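Notes for the one structure printed next.
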Amino acid sequence: PAYPLNVRLLAPFPRARATPDQLRFNARMSAARQSVEWGFGKVVNNFAFVDYKKNLKLELQPVGLYYRVAVLLANCHTCLKGSQTSMYFGIQPPQLQQYLQ
């Protein structure tokens, strides 16, 4: 995996030895992971300057700050226009004023 595993970060069960319950778990977790990736994709697609591999230089630019601002703006956009994630889960995002409080 790209990240170390811990109690908050899981990897799928190995398919070759997975039980039916574990395969169901893998399928459900895959759907949840996909929705998280949509959020990251929205940030990078709307604010290409934070596509770190192409544009940013660690230790020469405030990379973390740039990304946090891009996430804030992407979340504001979601409040105003919705998102693929909110449609997938059938929920309405908060009003912009409520989100910014």
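Here the structure is a predicted model, which means the values were calculated and not measured.
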Measuring from atom [atom1] of [X] to atom [atom2] of [Y], what distance do you get when rounded to the nearest 0.5 angstrom?
{"X": "K81", "Y": "C76", "atom1": "NZ", "atom2": "SG", "value": "13.5 Å"}
{"X": "T19", "Y": "F25", "atom1": "OG1", "atom2": "CZ", "value": "11.0 Å"}
{"X": "M87", "Y": "Q92", "atom1": "CE", "atom2": "CD", "value": "10.5 Å"}
{"X": "Q98", "Y": "L100", "atom1": "CD", "atom2": "CG", "value": "10.0 Å"}

Y99 to N75 - nearest heavy-atom pair and separation: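 Smallest heavy-atom distance, with atoms named: OH-ND2, 2.8 Å.
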Least distance between heavy atoms, R15 atom then L23 atom: NH1-CD2, 3.7 Å
In a table with atom names and distances, give each donor-acceptor pair under 3.5 Å that connects a side chain of residues 38-50 to protein atoms at least two apart or in another chain.
{"residue": "K42", "atom": "NZ", "partner": "H77", "partner atom": "ND1", "Å": "3.0"}
{"residue": "K42", "atom": "NZ", "partner": "T78", "partner atom": "OG1", "Å": "2.7"}
{"residue": "K42", "atom": "NZ", "partner": "G82", "partner atom": "O", "Å": "3.4"}
{"residue": "N45", "atom": "ND2", "partner": "G41", "partner atom": "O", "Å": "3.1"}
{"residue": "N46", "atom": "ND2", "partner": "K42", "partner atom": "O", "Å": "3.1"}

ILVMFWY cluster, L60 and Y66 together (side-chain gap under 4.5 Å):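 Cluster IDs for L60 and Y66 differ.
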Same apolar cluster: L73 and Y67, side chain cutoff 4.5 Å: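 Looking at the clustering, Y67 is in the same group as L73.
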Q95 atom CD: more than 12 heavy-atom contacts under 6.0 Å: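 No.
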side-chain hydrogen bond (donor to acceptor under 3.5 Å, both in side chains) against T85, all qualifying residues, sequence neighbours excluded: none
Test salt bridge (charged side-chain N to carboxylate O under 4.0 Å, His left out) applied to R68 - qualifying residues, sequence neighbours left out: none
